[in-house]
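Working notes, structure below.
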Amino acid sequence: MPELPEVETVKNSLKQLVLNEKIISVNVLYDKIIAYPKVEEFKNKLINQTITDIKRRGKWLMFELNDYYLLSHLRMEGKYLIRKKEDPLLKHEHVEFVFKDKSLRYKDTRKFGKMYLYEKENIFDKKPLNELGLEPWDSNLDIDYLKEKYKNKKLAIKTILLDQSIIVGIGNIYADEILFLSKINPFKKANELNSEELIQIIINTKKTLEKAIKLGGTTIKSYESSEGVHGNFQEQLLVHGNTSTCALCNNKVLKTKIGGRGTYYCETCQK
DNA sequence: CCAGCAGCCTGTGCGC
DNA sequence: TGCGCACAGGCTGCTG
């Protein structure tokens with residue numbers, strides 16, 4: 001569950017579940033999830049830390065602790081679950097945070113997720129957060145900002161929308177939706193977009209992500225809906241995953257590949 | 001510096 | 001039923 005609306009939804013539900021819980025012990029079963037520091041140090045530092053808040057920056061979850069921030073990226077399939085502390089770790093549960101009377105499990109089938117643990121000061125100046133672009137609702141996100149950022153980008157706008165150093169939080173599904181609503185062909189080079197098209201991107205990015213957050217995000221793989229967070233935005237998707245016809249012109253929605261990612265668009269409506 | 005692509009992992013669904 | 005392949009909501013690191 002990886003794009004911004006899903007992470008926002010996870011953040012809000014985790015807040016209800018683990019705020020003010022103190023970590024008693026930590027188990028790591030797959031070391032590569034822990035990007036920094038080394039696993040032993042990661043575990044030791046977390047002991048006796050209380051979760052005082054949970055925030056989000058782009059697709060990163062930020063667990064605020066007494067002395068640290070635990071940063072967690074879900075990548076393709078990461079999710080958090082609450083279980084009884086005495087329950088054995090199930091398949092694909094790679095990291096466990098044990099509290100007084102429950103445990104928080106990080107489950108990630110493909111093991112792509114990453115965690116960082118840093119001292120709280122200057123957290124935004126370090127490793128994963130320091131190169132992130134603007135949040136979709138940042139008042140600095142305007143035409144001039146995009147013009148400057150897109151100036152030398154000759155890649156397809158579809159690819160550029162996924163670039164987290166420009167606007168954070170857009171992933172493969174929402175990129176397709178944003179371009180459809182903006183009536184922009186996903187193959188169009190970013191540096192060739194005109195002002196009107198840039199306005200449309202800004203408006204529709206906000207609109208799409210806001211609506212998705214309201215609906216609890218998008219849940220695509222039905223087999224995963226039994227546990228974790230289940231959103232309803234998938235019912236609102238206009239092009240992504242659409243194997244039939246365009247809602248506007250009734251021509252067939254095309255599926256192609258851009259920058260290695262599956263891309264859906266309407267040739268007629270998106271110029 | 002850039003664009004393109006393999007790699008990281010596991011599971012599912014499809015065609016044969 | 002079994003096998004091989006393409007594909008999956010993300011991102012990094014290597015290549016030319």
Side-chain angles (χ1 to χ4, degrees), chain A residues 1-11 29-36 56-61 71-80 90-95 106-116 127-133 149-179 187-192 205 208-209 212-213 215-243 255-264:
Chain A
M1 356 186 72
E3 305 181 49
L4 187 152
E6 292 74 49
V7 179
E8 180 70 15
T9 302
V10 168
K11 183 204 78 180
L29 282 90
Y30 186 75
D31 289 2
K32 289 169 80 175
I33 303 270
I34 314 303
Y36 182 88
R56 178 194 59 71
R57 173 79 173 98
K59 299 176 190 173
W60 286 90
L61 280 171
L71 307 178
S72 171
H73 198 301
L74 307 174
R75 292 288 182 95
M76 297 289 261
E77 308 210 356
K79 40 189 77 68
Y80 279 96
L90 297 181
K91 197 175 184 187
H92 302 135
E93 294 178 359
H94 307 301
V95 183
Y106 176 70
K107 175 180 173 177
D108 188 345
T109 307
R110 294 174 73 180
K111 301 179 175 170
F112 285 173
K114 295 286 175 220
M115 294 184 195
Y116 287 80
K127 274 290 183 202
L129 304 186
N130 62 346
E131 288 181 335
L132 294 180
K149 289 288 184 181
Y150 289 2
K151 198 170 54 183
N152 299 315
K153 304 283 188 191
K154 295 175 193 164
L155 286 175
I157 181 61
K158 163 67 189 263
T159 300
I160 296 303
L161 280 181
L162 300 175
D163 183 339
Q164 302 297 303
S165 72
I166 302 176
I167 306 173
V168 295
I170 301 170
N172 202 38
I173 294 179
Y174 297 121
D176 284 358
E177 296 299 308
I178 291 163
L179 290 174
F187 285 100
K188 202 157 183 179
K189 294 182 189 344
N191 63 348
E192 292 175 358
T205 295
T208 303
L209 297 183
I213 289 173
L215 291 173
T218 300
T219 308
I220 276 186
K221 296 181 184 173
S222 54
Y223 66 89
E224 282 174 354
S225 63
S226 57
E227 47 187 0
V229 178
H230 186 228
N232 292 304
F233 191 74
Q234 62 276 12
E235 292 152 24
Q236 310 286 321
L237 295 176
L238 296 168
V239 276
H240 191 90
N242 182 342
T243 51
K255 181 171 185 197
T256 183
K257 201 162 239 200
I258 299 179
R261 311 299 303 276
T263 300
Y264 296 81

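So that the names make sense, note that chain A is the first sequence line, chain B the second, and so on, each numbered from 1.
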Handout entry: Among A:I213, A:L209, A:L61, side chain to side chain contact (heavy atoms under 4.5 Å, CB included) partner for A:E8
Key = A:I213
Practice task
Report yes if a side-chain nitrogen or oxygen of A:H92 is closer than 4.0 Å to either non-bridging phosphate oxygen (OP1 or OP2) of B:dT10; otherwise report no.
Solution key: no
Practice task
Quick one: label A:K189 by what it contacts on the DNA or RNA (base, sugar-phosphate, nothing), any heavy atom closer than 4.0 Å.
Solution key: nothing
Exercise for the section: Give a yes/no answer on whether the side chain of A:K153 brings an N or O atom under 4.0 Å of OP1 or OP2 in B:dC1. Expected result: no
Practice task
Tell me what A:G171 touches on the nucleic acid: a base, only sugar-phosphate, or nothing, going by heavy atoms under 4.0 Å.
Solution key: sugar-phosphate
Practice task
Using only side-chain N and O atoms of A:K91, determine if any of them is under 4.0 Å from OP1 or OP2 of B:dG11.
Solution key: yes
Exercise for the section: Determine: side-chain N/O of A:K257 to OP1/OP2 of C:dC7, distance under 4.0 Å, yes or no. Expected result: yes
Exercise for the section: Would you mind pulling out the nucleotide paired to B:dC9, Watson-Crick or G-U wobble, both distances under 3.5 Å? Expected result: none
Exercise for the section: With a 3.5 angstrom cut-off on both distances, give the Watson-Crick or G-U wobble partner of C:dG9, or none if there isn't one. Expected result: none
Practice task
Pick base, sugar-phosphate or nothing for A:F233, based on heavy-atom distances below 4.0 Å to the nucleic acid.
Solution key: nothing
Exercise for the section: Name the closest nucleotide to the A:K111 side chain, picking from C:dG9, B:dC9, C:dC11. Expected result: B:dC9
Problem - Face-to-face contact A:F112 to B:dC8 six-ring, under 5.5 Å, under 30° - result: yes
Exercise for the section: Looking only at side-chain atoms of A:R110, point me to the closest of C:dC11, B:dT10, C:dG9. Expected result: B:dT10
Practice task
Measure from the side chain of A:R261, starting at C-beta and using heavy atoms only, and say which of C:dG9, C:dC7, B:dG11 lies closest.
Solution key: C:dG9
Handout entry: Side chain proximity check, A:T208 to A:F233, heavy atoms < 4.5 angstrom
Key = yes
Exercise for the section: Examine C:dG10: is either OP1 or OP2 under 4.0 Å from a nitrogen or oxygen in the side chain of A:Q164? Give yes or no. Expected result: no
Exercise for the section: Measure from the side chain of A:N172, starting at C-beta and using heavy atoms only, and say which of B:dG11, B:dC9, C:dG10 lies closest. Expected result: C:dG10
Exercise for the section: Would you tell me if any nitrogen or oxygen in the side chain of A:H240 comes within less than 4.0 Å of OP1 or OP2 on C:dG9? Expected result: yes
Practice task
Using a cut-off of strictly less than 4.0 Å, decide whether A:K79 has a side-chain nitrogen or oxygen near OP1 or OP2 of C:dG9.
Solution key: no
Exercise for the section: Tell me what A:G217 touches on the nucleic acid: a base, only sugar-phosphate, or nothing, going by heavy atoms under 4.0 Å. Expected result: nothing
Handout entry: Atom pair CG (A:L155) and CG (A:L161), whose distance is rounded to the nearest 0.5 Å
Key = 11.5 Å
